[in-house]
Every structure is written in C-alpha cells, then in structure tokens.
> 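Provided herewith is a single structure, encoded as structure tokens, for subsequent inquiry.
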Amino acid sequence: MPNTQGTTDKPYLVRRIARRPITPPPTPGDPRGIHLLTPRERQVLLLIGHAAPNREIGRKLGIAERTVKAHLANLMDKIHVATRVEAAIFAYVHHQDIHPDEGRCPV
C-alpha cells in the first residue's frame, strides 16, 4: 500500500505475505506403489536416492548395469515417476516407507 510519499509500506506487505499459508510443492510419484516394489527394486530406489549412478548400484548389488536399468524402469513405472530425479526425490521423501526397518539398511 503506498504511503503519502508514494513509496511502498513494506511492513504492511511483510505482514500480508506472512499470513499466507505456505504449502510445499507436490512430491512426485504415488506412494501407493511402494508396496508393489520388489526387495531389489527397493534397494535400487534407495541407492538412486543417494545419487548413485547405475554402474555403482550394479557394483554394490552384484548385478549388471543393464539389470539396474531394468529395475529402475520397473520401479519408476510402479511409483509413477517420469525421471530419475523424480525417483530420487521420491526415495528421499518416502525413505521410511521404502525401508521401514531403519536399524539396518538393505544396501
């Protein structure tokens, strides 16, 4: 709101903005698909969440890189994400649901 000198009343704007509810951006994917994931797909997804490349995932899990790619394609379809980045965000947000036994990580 302009004051008498034609400048903006900044405290008024700050109060107005502060009253707006802050809603986080939507998380990619559908968590209802987590129960469809195989144990190996869960391992791959958790490693994707740690930004591991396919070659490293294959090495850690003792599988071929093309097998990692197949698992990745399958899990992305099941949780309804379109990109590897979305899968990584999904893994981060839903880590507890993907791997409920926090005492020991399967990867």
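Heavy atoms only: backbone and side chains are in, while hydrogens, waters and symmetry mates are out. It should be emphasised that the depicted structure is a prediction, and the values quoted were computed from it without experimental measurement.
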> To the nearest 0.5 angstrom, please state how far the CG atom of L47 sits from the NZ atom of K60.
5.5 Å
> So, do L45 and I79 sit near enough that their side-chain heavy atoms are less than 4.5 Å apart?
yes
> Does the side chain of V68 come within less than 4.5 Å of L61's, by heavy atoms?
no
> Look at the side chain of K78 and the backbone N and O of L36, then say whether any donor-acceptor pair between them is shorter than 3.5 Å.
yes
> Indicate whether the side chain of R59 and that of N54 have a donor and an acceptor atom separated by less than 3.5 Å.
no
> For the pair H94 and F90, name the ring-plane relationship: parallel under 30°, tilted 30 to 60°, perpendicular over 60°.
tilted
> Rounded to the nearest 0.5 Å, how far does CD of E56 lie from NE2 of H50?
10.5 Å
> Distance-only, no hydrogens or angles: does the E86 side chain make a donor-acceptor pair with backbone N or O of A82 under 3.5 Å?
yes
> Could you measure the distance from the CG atom of L37 to the CG atom of L46? Nearest 0.5 Å is fine.
9.5 Å
> I need the minimum non-hydrogen distance between A87 and M76, along with the two atoms involved.
CB-CG, 4.4 Å
> Decide yes or no for R42 and I34: does some side-chain heavy atom of the first lie under 4.5 Å from some side-chain heavy atom of the second?
yes
> Can you give me the closest heavy-atom contact between A91 and G49, atom names plus distance?
CB-CA, 3.8 Å
> Check whether any side-chain heavy atom of I63 sits under 4.5 Å from a side-chain heavy atom of H71, and report yes or no.
yes
> For residues P31 and G29, report the shortest heavy-atom separation together with the two atoms involved.
CD-O, 3.9 Å
> Decide side chain to side chain contact (heavy atoms under 4.5 Å, CB included) for H35 and D97; before the verdict, give the C-alpha distance in whole Å, the side-chain angles of both, and the deciding distance to 0.1 Å.
CA-CA 9 Å; H35 79 281; D97 297 322; over 6 Å; no
> Treating D77 as the side-chain partner and A73 as the backbone partner, does any N or O pair qualify as donor plus acceptor under 3.5 Å?
no
> How many angstroms lie between atom CD1 of I57 and atom CZ of R40, to the nearest 0.5 angstrom?
11.0 Å
